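Down below is the structure, laid out as structure tokens.
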Amino acid sequence: QVQLVESGGGLVQAGGSLRLSCAASGRTFSSYTMGWFRRAPGKEREFVAAISRSGGNTYYADSVKGRFTISRDNAKNTVYLQMNSLKPEDTAVYYCASDRSTIVRTTHEAYDYWGQGTQVTVSS
């Protein structure tokens, strides 16, 4: 079992930046594909970004491509989401999740374990 704890959320003005972190428990972090998802008020949970086990492959939703960067440090059991040029429509609760598959997937049903989420609010 994997326990995931997000941090780094907060309130930021449009155009600003935030860096989210997700710390994972256990000694098998490097065997999991990791993803970030978000849920805005009144909307469905949506894919944001994902990264392969080695960190060599990354995938992004079109809405964040060019502004967000996902990365991981397997030695620290941590995955990051650097968010730049934030927009009010990025306001949501952000979740990290882990997937045992060797294939990087972008649907939330594929992910096994989830963190509790961290709130990101972007003011206009």
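All values reported here derive from a predicted model rather than from experimental measurement.
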Exercise. I would like to know whether D112 and R100 meet side chain to side chain contact (heavy atoms under 4.5 Å, CB included); could you show each step before the answer?
Key: CA-CA 7 Å; D112 306 302; R100 286 182 175 273; 3.7 Å; yes
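- A donor-acceptor pair is defined here as one N or O able to donate and one able to accept, closer than 3.5 Å; such a pair exists between the side chain of R72 and the backbone of S52.
- Residue S85 holds its OG atom at 7.0 Å from CZ of R67, rounded to the nearest 0.5 Å.
- Atom NZ of K65 has more than 12 neighbouring heavy atoms from other residues, nucleotides or ligands inside a 6.0 Å radius.
- The nearest pair of heavy atoms linking S101 to I103 is OG-N, 2.9 Å.
- Residues V64 and M83 are members of one and the same hydrophobic cluster, defined by side-chain heavy-atom contacts under 4.5 angstrom among Ile, Leu, Val, Met, Phe, Trp and Tyr.
- Of the inter-residue distances, the one linking F68 atom CZ with L18 atom CG reads 9.0 Å to the nearest 0.5 angstrom.
- Note on Y95: it does not cluster hydrophobically with I70, by side-chain heavy-atom contacts below 4.5 Å among ILVMFWY residues.
- Taking OH of Y80 as the start and OG of S7 as the end, the distance is 9.0 Å to the nearest 0.5 Å.
- Of all heavy-atom pairs spanning D90 and R38, the tightest one is OD1-NH1, 2.9 Å.
- Between S124 and A14, the shortest heavy-atom distance links the atoms CA-CB, 4.4 Å.
- Here the closest non-hydrogen pair linking V122 and T91 is N-OG1, 2.9 Å.
- Residues V48 and Y113 fall within the same hydrophobic cluster, defined by Ile, Leu, Val, Met, Phe, Trp and Tyr side chains chained together at heavy-atom separations under 4.5 Å.
- Using a 4.5 Å cut-off on side-chain heavy atoms (C-beta onward), T78 and S21 make contact.
- Between Q119 atom CD and L11 atom CG the span is 9.5 Å, to the nearest 0.5 Å.
- At most 12 heavy atoms of other shown residues, nucleotides or ligands fall within 6.0 angstrom of atom CD in Q3.
- Using modelled atom types, one side-chain atom of E6 and one backbone atom of Q116 make a donor-acceptor pair closer than 3.5 Å.
- With rounding to the nearest 0.5 angstrom, the CZ atom of F29 is 12.5 Å from the CZ atom of R53.
- The side-chain heavy atoms of S123 and Q13, taken from C-beta on, include a pair separated by under 4.5 Å.
- In this structure, Y111 has its ring center closer than 6.0 angstrom to the ring center of F37.
- Each of V2, L4, D99, V104 was compared with M34 under the side-chain contact (heavy atoms from CB on, under 4.5 Å) criterion, and only L4 meets it.
- Nearest heavy atoms, A61 versus F47: CB-O, 3.4 Å.
- Here the straight-line distance linking atom CG of L81 with atom OH of Y94 works out to 7.5 Å at 0.5 Å rounding.
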